[in-house]
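Take a look at the structure set out below.
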Amino acid sequence: MYDLVIIGSGPAGLSASIYAKRAGLNAVTLEQNPMSGGQVLNTYEVDNYPGLPGINGFDLGMKFREHADKLGCEFMEAAVQEIKTVEAARREANQKEEGKAEMKAASLPENRKMDSGFIVATDQEEIKTRTILAAMGATHAKLGVPGEEELTGMGVSYCATCDGAFFRGKVTAVVGGGDVAVEDAIFLARACEKVYLIHRRDELRAAAVLQKEVMSLPNVEILWDTVAKKIEGSDKVQALVLENVKTGENKVLAVDGVFVAVGIIPSGDILKGLVKQDENGYVLAGEDCMTSMSGVFAAGDIRKKKLRQVVTAVADGANAVTSVLEYLNGVK
Ligand SMILES: Cc1cc2nc3c(=O)[nH]c(=O)nc-3n(C[C@H](O)[C@H](O)[C@H](O)COP(=O)(O)OP(=O)(O)OC[C@H]3O[C@@H](n4cnc5c(N)ncnc54)[C@H](O)[C@@H]3O)c2cc1C
């Protein structure tokens with residue numbers, strides 16, 4: 001049985017792997033993707049991580065993983081599908097046994113004494129562990145308009161850094177108004193003939209420095225008070241249907257690519273019913289990363305907190321392992 005299973009190898013999970021290894025814990029980090037690094041892999045430049053100004057997001061992710069590998073941290077490529085307490089798993093198994101109702105009731109206290117911890121079911125195997133660190137981060141929110149799903153990978157993208165190069169000399173649109181949307185527009189403007197930034201309000205939410213930069217670019221046009229209604233095209237994106245929310249006026253914009261940057265959704269589905277989450281799915285846990293379930297901890301973007309960044313995710317990873325150690329030593 002592991003002392004700790006870390007789910008996710010983004011900045012939070014990788015920082016936790018490093019701290020767990022150095023603390024002598026028997027820990028494994030599970031990652032559903034072939035590559036570690038999480039969301040940061042999708043950004044061309046991280047300019048706010050101390051000590052590494054202007055580092056490419058992919059390189060930063062690789063550096064975190066190399067550090068963990070150098071220390072000998074254990075990793076497994078596996079997608080976690082379900083988490084159960086050992087007790088709940090035993091109770092379920094007992095309940096499946098037909099015609100043994102009395103035996104079931106009698107065997108439960110015994111099971112409680114024998115086992116504690118969790119069973120983590122993945123697409124590869126089941127793993128038993130004393131504690132869990134949920135570091136599954138977040139994924140891109142969708143626009144939810146006709147054409148989006150059908151044309152994903154055929155001009156609709158959620159990652160300008162990954163797909164921007166396919167649109168060299170072409171016309172693209174970025175939908176959103178936060179940091180990521182503006183960064184995407186700036187990035188695309190380097191290669192695209194023209195970039196439209198589609199924003200539903202009359203001011204951007206992005207950091208002032210990004211706003212200043214995007215507004216200075218001659219090939220970026222911001223369409224204010226505008227929402228995307230539909231993405232058109234048969235086997236590739238050809239147009240974006242827009243609506244002005246103030247006037248109700250519709251217009252069709254000929255574009256080759258649509259980059260969606262309308263926010264993130266926490267990847268917390270596997271925690272439903274296990275720990276308390278807020279209405280958006282963020283796990284309720286304080287700075288000590290302790291959740292409502294004893295033995296389950298949460299770090300990084302999945303946790304309800306004010307600022308979701310690399311620096312806060314790696315800090316969470318370190319704090320979480322400190323709490324795990326206290327829990328395993330019976331302090332908490
Ligand atoms: C385009 C973009 C630009 C950004 N730019 C910056 C920036 O400049 N500076 C900055 O500080 N921050 C930036 N951020 C935010 C930063 O990337 C995140 O705050 C940070 O990555 C969060 O780390 P995390 O480990 O909590 O989660 P994530 O990075 O989301 O990593 C979570 C990991 O968990 C894995 N996972 C999820 N579910 C499962 C499962 N069921 N089983 C196994 N594995 C699973 C995922 O595959 C992923 O690898 C940016 C984000 C984006 C999207």
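This one's a predicted model, so the numbers in the text were calculated from it and none came from an experiment. In each ligand, atom 1 is the first atom listed, and ligand 1 is the first ligand listed.
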When you compare the side chains of Gln81 and Asp123, does any donor N or O come within less than 3.5 Å of an acceptor on the partner?
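No, no side-chain donor-acceptor pair sits under 3.5 Å.
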
Classify the side-chain pair Thr29/Ser9 by whether it contains a donor and acceptor separated by less than 3.5 Å.
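No, no side-chain donor-acceptor contact under 3.5 Å.
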
Main-chain N/O of Leu325 paired to Asn329 side chain as donor or acceptor, under 3.5 Å
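Yes.
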
Are any side-chain N or O atoms of Asn219 and backbone N or O atoms of Ala189, one a donor and one an acceptor, separated by less than 3.5 Å?
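Side chain of Asn219 to backbone of Ala189: a pair is present.
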
Presence of salt bridge, Arg91 and Glu87, under 4.0 angstrom
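Between Arg91 and Glu87 there is a salt bridge, with a charged N closer than 4.0 Å to a carboxylate O.
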
Test: Glu193 and Lys170 ion pair at under 4.0 Å
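Looking at Lys170 together with Glu193, the answer is no, because their closest N to O distance does not fall below 4.0 Å.
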
Work out which heavy atom in [X] is nearest to a heavy atom in [Y]; give both atom names and the distance.
X	Y	answer
Ile270	Glu82	CG2-N, 4.3 Å
Met293	Leu274	CB-O, 3.4 Å
Ala141	Tyr158	O-CE2, 3.9 Å

Contact between Ile127 and Tyr2 at the side-chain level, heavy atoms closer than 4.5 Å - yes or no?
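They are in side-chain contact.
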
Does any non-hydrogen side-chain atom of Leu204 lie less than 4.5 Å from one of Met215?
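In contact.
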
Under 4.0 Å from atom 48 (C) of ligand 1, is there any protein heavy atom?
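So far as the 4.0 Å threshold goes, atom 48 (C) of ligand 1 is in reach of a protein heavy atom.
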
Applying side-chain hydrogen bond (donor to acceptor under 3.5 Å, both in side chains), can you list everything that pairs with Arg200, at least two apart in sequence or on another chain?
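Not a single residue meets the side-chain hydrogen bond (donor to acceptor under 3.5 Å, both in side chains) criterion with Arg200.
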
Tell me, please, which residues at least two apart from Asp163 pass side-chain hydrogen bond (donor to acceptor under 3.5 Å, both in side chains).
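Listed in chain order: Ser157.
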
Residue [X] vicinity, atoms of ligand 1 by number, heavy atom under 4.0 Å:
X	result
Gln309	9 (N), 10 (C), 11 (O), 12 (N), 13 (C), 19 (O)
Asn33	47 (O)
Arg308	19 (O)
Leu30	43 (C), 44 (N)
Ala78	42 (N), 43 (C)
Val180	1 (C), 2 (C)
Val40	17 (O), 21 (O)
Ala135	32 (C), 33 (C), 34 (O)

Under 3.5 Å: N/O of [X] near N/O of ligand 1:
X	result
Glu31	yes
Ala12	yes
Val310	yes
Asp47	no
Ala138	yes

Which option out of Met136, Glu183, Glu82, Glu77 puts a heavy atom nearest to atom 37 (C) of ligand 1?
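It is Met136 that holds the nearest heavy atom.
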
Minimum distance, heavy atoms only, to atom 42 (N) of ligand 1: which one of Asn48, Val46, Asp179, Val80 is it?
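The option holding the nearest heavy atom is Val80.
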
Among all protein heavy atoms, pick the one closest to [atom] and tell me residue, atom and distance.
atom	result
atom 26 (O) of ligand 1	Asp301 N, 2.8 Å
atom 39 (C) of ligand 1	Gln32 OE1, 3.4 Å
atom 3 (C) of ligand 1	Thr43 CB, 3.2 Å
atom 34 (O) of ligand 1	Gly8 CA, 3.2 Å
atom 53 (C) of ligand 1	Gln39 OE1, 3.6 Å

Aromatic ring proximity, centroids under 6.0 angstrom, Phe64 and Tyr49:
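Here the rings of Phe64 and Tyr49 have centres that are less than 6.0 Å from each other.
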
Given that the side chain starts at C-beta and the backbone is N, CA, C, O, which of these parts of Pro11 lies under 4.0 Å from ligand 1, counting heavy atoms, or is it both or neither?
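For Pro11, the contact with ligand 1 is made by both the backbone and the side chain.
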
At a non-hydrogen distance cut-off of under 4.0 Å, which region of Ala160 contacts ligand 1 (side chain, backbone, both, or neither)?
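It is neither part, as no heavy atom is under 4.0 Å.
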
Would you say Gly317 touches ligand 1, if touching means a heavy atom closer than 4.0 Å?
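Gly317: no contact with ligand 1 (<4.0 Å).
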
